[in-house]
Amino acid sequence: MSTALVGMIAGMALGFAGWFGGFGAFLVVAALGAVGFVAGRLVDSGTDLRDFLGGRDRERR
């Protein structure tokens, strides 16, 4: 699945949450999406949280 398609699906989900549930539902969906993104990245790359939080600075050193 391409990144553009995933972004479109996430945007549509946030739009539906905002339209039908109000701003509170929009924030809940956005927060849960961010948690899901972090969890997915951790599962894909292993369970080392330091590598995820380190960003690109570790690669330059």
Side-chain angles (χ1 to χ4, degrees):
M1 194 178 295
S2 72
T3 306
L5 184 62
V6 171
M8 183 187 72
I9 292 170
M12 289 175 62
L14 288 172
F16 280 124
W19 182 261
F20 293 111
F23 188 68
F26 173 82
L27 291 178
V28 168
V29 170
L32 291 175
V35 169
F37 172 75
V38 170
R41 287 284 305 258
L42 288 174
V43 168
D44 282 346
S45 66
T47 57
D48 193 8
L49 188 60
R50 287 176 284 158
D51 287 341
F52 182 75
L53 295 176
R56 297 184 183 264
D57 291 336
R58 291 187 163 240
E59 293 175 7
R60 292 181 187 162
R61 292 182 185 175

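Bear in mind the structure is a predicted one, so any value in this text is a computation, not a measurement.
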- In one Ile/Leu/Val/Met/Phe/Trp/Tyr side-chain cluster, 4.5 Å: Trp19, Met12: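 Yes, same cluster.
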- Query: Under 4.5 Å between side-chain heavy atoms, hopping through other hydrophobics if needed: is there a path connecting Val6 to Phe16?
  - Reply: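 Same hydrophobic cluster.
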- Which atom of Ala17 lies closest to which atom of Val29, heavy atoms considered: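 Ala17 and Val29 have their closest heavy atoms at CB-CG2, 3.5 Å.
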- Query: By side-chain contact (heavy atoms from CB on, under 4.5 Å), which residues pair with Leu27, not counting sequence neighbours?
  - Reply: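 Testing Leu27 for side-chain contact (heavy atoms from CB on, under 4.5 Å), a comparison that skips the adjacent residues, returns Phe23.
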- Not counting sequence neighbours, which residues clear side-chain contact (heavy atoms from CB on, under 4.5 Å) with Leu32? List them please.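 Checked Leu32 against side-chain contact (heavy atoms from CB on, under 4.5 Å); matches are Val28.
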